[in-house]
Amino acid sequence: MNKLICTLLVLTCLIGCNSDDSANTAFIIPQPTNVELTSGTYLIKNDVKIVLESGDEQTLVIADQLSDFIKAQLAVNIYINEEPPGDDYSSIVLRKESSGNVTEPEAYTLAINNEEISITANENHGLFNGIQSLKQLIFTQQKDNEIPQLVVTDQPTFSYRGMMLDVSRHFFSVEEVKRFIDLMALYKLNKFHWHLTDDQGWRIEIKQYPLLTDIGSYRFESMLEKNYEPYIGDGIPHSGFYTQEQIKEVVAYAAERFVEVIPEIEMPGHAMAALAAYPELGCFDINYQVSTSWWESFGVMCPKESTFEIVEHILDEVIILFPSKYVHIGGDEVAINTWQQSNLAQQVIQEHNLKDEHALQGYFFDRVSQYLVTKGKQAIGWDEVLEKNIQSQPTVMIWRDLDLLAKAQEQNTSVILTPGLYTYFDYYQGNSETEPLAQCCFLPVEEVYKMPVDYSADYNVDILGGQGQLWSAFIKTESRLQYMALPRMPALAEVLWSTQSQKDFAHFKDKMKAHEVYLSNKEINYRVIQ
Ligand code: ACM
């Protein structure tokens with residue numbers, strides 16, 4: 001169905017079908033732990049006082065964010081810790097205090113009664129989460145400035161609720177990345193995995209190695225659609241990178257929205273752009289070029305001492321930019337057969353008494369992972385590393401087969417669930433004949449919603465949470481990015497936040513319908529939920 005018609009239908013229903021029942025629904029995504037609706041509604045008046053009880057500077061920042069939202073959404077006057085001119089005003093109280101039932105840093109209580117709106121939490125992150133719920137009640141309101149009276153008590157199931165954005169295949173500007181982080185934050189997603197380097201482009205300024213961006217951030221064209229064999233290029237150059245100042249700006253922006261930014265610097269594979277810039281990182285004396293085709297790559301770093309030196313220097317700069325304890329160092333799809341043909345690589349195998357090239361990959365990963373530990377950081381790797389006899393206990397993203405949880409258990413690594421079957425949002429979400437061009441495979445929103453997250457009966461593994469992936473080979477614009485993320489990203493947010501008993505896809509659909517009106521008003525693209 002055309003998006004405009006659908007939006008009109010929803011709008012008509014929200015206005016025309018305004019029974020007491022619908023007025024008394026909380027369209028909050030992800031579904032909170034507990035929602036107690038009372039019968040009435042609360043009218044937000046023309047003057048609103050935001051009262052900060054016992055906050056700090058960060059509390060003020062989030063109060064400002066709430067103020068900006070309400071002003072834009074309801075066109076009312078906001079006073080933060082200031083008396084409105086008359087007596088007839090609404091109060092929104094932000095209360096940062098310990099209370100019996102709020103013990104988790106992200107937990108909050110949102111109470112709306114006849115008198116006031118209040119959000120109580122132990123930590124600012126909890127207050128921020130409560131504000132996201134309040135914003136959703138406001139933008140899905142049934143009548144002018146009226147929201148349901150209720151008490152929401154809420155906390156997440158998983159602490160890691162992430163989204164990965166690939167900016168190598170297609171570059172997204174700072175402003176586009178910020179808007180993506182805004183969307184994540186609205187759905188209480190708290191980890192932004194920034195896939196900054198790959199075969200098709202190096203996107204982060206490294207001052208000690210300027211060619212990484214001078215050469216590695218540019219490709220002279222991209223494969224036209226899916227013309228692999230024979231290859232056909234589009235003839236359009238593609239480039240872009242973030243300066244270190246811009247990286248800091250994004251990290252700070254995300255932090256104000258309680259989103260932690262985790263950088264990924266891919267190695268030893270998916271490194272064609274790095275090799276094009278610094279061929280000495282490779283094993284062979286050849287002319288490496290930033291890849292223009294998707295996926296196939298022989299761009300593998302050579303596991304020699306001078307490579308580790310460069311990698312460590314690069315990571316030294318990365319670490320300073322990202323306060324997260326995690327640095328993702330890739331490890332997936334390494335064409336280790338290239339090491340079979342390299343005397344240098346074979347020498348390393350012999351010197352370190354390694355069994356084969358798989359063990360050599362494990363050695364590479366452990367070297368870098370252990371270097372990160374000396375800097376107070378924890379490596380993340382894609383799940384291939386579980387098959388490489390690693391010793392360094394990184395955190396692992398399982399993207400292929402969830403049976404790999406058995407290996408994670410054996411190796412005592414913590415896990416983030418990123419299975420292609422449920423979290424690859426670059427896959428088609430509808431009929432490939434009518435949907436815009438996407439990566440292989442079919443992942444409709446209802447399938448995302450079915451992602452299993454409780455493996456406690458079968459494995460003893462520390463599962464931190466999960467993450468959606470937006471690989472961008474076929475995502476060239478912000479509008480397409482939004483389309484691929486919505487509604488699958490909010491569905492995943494609910495999978496990771498809410499407990500099994502709260503999950504109800506039919507209810508999720510109703511809520512998403514109500515959210516579509518807001519998204520349309522904000523000119524955010526989405527796939528209409530059906
Ligand atoms: C991956 O999709 N290669 C992690």
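In each ligand, atom 1 is the first atom listed, and ligand 1 is the first ligand listed. Side-chain atoms are counted along with the backbone in the values below, which use heavy atoms only and exclude waters and symmetry mates.
- In terms of protein heavy-atom proximity, atom 3 (N) of ligand 1 is nearest to Asp332 OD2, 2.7 Å.
- Classification of the Tyr449-Phe508 ring pair by plane angle, with boundaries at 30° and 60°, yields tilted.
- At least one N or O atom of Glu333, backbone or side chain, sits closer than 3.5 Å to an N or O atom of ligand 1.
- Neither the backbone nor the side chain of Gln469 has any atom closer than 4.0 Å to an atom of ligand 1 (non-hydrogen atoms only).
- Between Tyr424 and ligand 1, at least one N/O pair is under 3.5 Å apart.
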Start with the C-alpha distance between His238 and Phe171, add both sets of side-chain angles, then the distance that settles side chain to side chain contact (heavy atoms under 4.5 Å, CB included), and finish with yes or no. CA-CA 8 Å; His238 188 81; Phe171 179 72; 3.7 Å; yes
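- In this structure, Lys178 satisfies the cation-pi test against Tyr253, with its NZ or CZ atom closer than 6.0 Å to the six-membered ring centre and inside 45 degrees of the ring normal.
- No N or O atom of Trp382 sits closer than 3.5 Å to an N or O atom of ligand 1.
- The cationic atom of Arg203 (NZ for Lys, CZ for Arg) does not lie both less than 6.0 Å from the six-membered ring centre of Phe241 and within 45° of the ring axis.
- Shown in contact with Trp471 at under 4.0 Å from a heavy atom are these atoms of ligand 1, numbered in order with element: 1 (C), 2 (O), 4 (C).
- Taking the six-membered ring for Trp, Tyr228 and Trp294 have ring centres at least 6.0 Å apart.
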